[in-house]
Amino acid sequence: MAGRKKQLSMGNRFGMYAIAIIVFVMLVALLSQSWSLRAENAAYAAQIDDLQQELQDEEVRAEEIDELSEYLNSDEYIEKLAREKLGLVYEDDVIYRAEK
């Protein structure tokens, strides 16, 4: 009986070492994945910041386009275009022409 107890205790030690090694390997794998997830998370955070900045830039650009659209539909722009491109003037305007 004494020999059998000794064999069980050796088996128990081996089992304990095996479990400890498995736990250690799993811990290392978990830490490794944790580090890679942190790096990936930081990359995504930087991408979110870039996209938010791009969204703000596009909102400003959209406002500028709206303002330009309003100006292009205004009477002021139409009058300016008629004077510059078509050479139209009001009846009471004085026109000066250069001699050739």
Side-chain angles (χ1 to χ4, degrees):
M1 285 240 183
R4 185 172 170 102
K5 282 187 177 182
K6 194 173 192 181
Q7 286 179 350
L8 287 177
S9 75
M10 287 295 277
N12 284 343
R13 284 186 189 167
F14 179 73
M16 294 290 265
Y17 289 137
I19 290 173
I21 290 171
I22 290 171
V23 168
F24 180 74
V25 168
M26 290 177 71
L27 180 65
V28 168
L30 185 65
L31 287 174
S32 170
Q33 284 198 353
S34 174
W35 288 329
S36 67
L37 287 176
R38 284 183 187 174
E40 197 173 322
N41 190 24
Y44 285 142
Q47 186 178 8
I48 286 172
D49 290 340
D50 291 342
L51 290 173
Q52 286 177 341
Q53 181 63 41
E54 193 174 318
L55 178 64
Q56 289 176 353
D57 294 343
E58 290 300 321
E59 286 174 351
V60 168
R61 185 171 171 238
E63 288 176 14
E64 291 173 355
I65 289 172
D66 288 340
E67 290 173 4
L68 181 62
S69 176
E70 286 179 21
Y71 174 69
L72 293 177
N73 291 325
S74 70
D75 291 337
E76 178 185 342
Y77 175 73
I78 294 171
E79 181 180 330
K80 179 181 174 185
L81 186 65
R83 285 180 179 269
E84 290 178 0
K85 301 286 182 178
L86 302 175
L88 299 177
V89 294
Y90 288 111
E91 290 180 10
D92 57 346
D93 281 351
V94 176
I95 301 172
Y96 296 100
R97 292 190 182 176
E99 293 183 20
K100 293 184 178 182

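We count residues from 1, following the sequence as given.
- Between the OH atom in Y17 and the CG atom in N12 there is a gap of 11.5 Å [rounded to 0.5 Å].
- By the 4.0 Å N-to-carboxylate-O rule, R61 lies close enough to E58 to be salt-bridged with it.
- Here the side chain of N41 pairs no donor or acceptor atom with the backbone of L37 at under 3.5 angstrom.
- Separating the CG atom in L72 from the CG atom in L81 is a distance of 9.5 Å, to the nearest 0.5 Å.
- Looking only at side-chain heavy atoms (C-beta outward), Q52 and D49 come within less than 4.5 Å of each other.
- Rounded to the nearest 0.5 angstrom, L27 CG and I22 CD1 are separated by 13.5 Å.
- Counting heavy atoms from C-beta outward, E70 and Y77 have side chains that stay 4.5 Å or more apart.
- Cluster membership for I78 and L86, using ILVMFWY side-chain heavy atoms within less than 4.5 angstrom, is not shared.
- Hydrophobic cluster membership for I21: V25 (Ile, Leu, Val, Met, Phe, Trp, Tyr linked by side-chain heavy atoms under 4.5 Å, directly or transitively).
- The shortest distance between side-chain heavy atoms of D50 and E54 does not fall below 4.5 Å.
- Its side chain within the 4.5 Å cluster rule, V28 clusters with F24 among the Ile, Leu, Val, Met, Phe, Trp and Tyr residues.
- A salt bridge does not link K80 to E76: none of the charged nitrogens lies less than 4.0 Å from a carboxylate oxygen.
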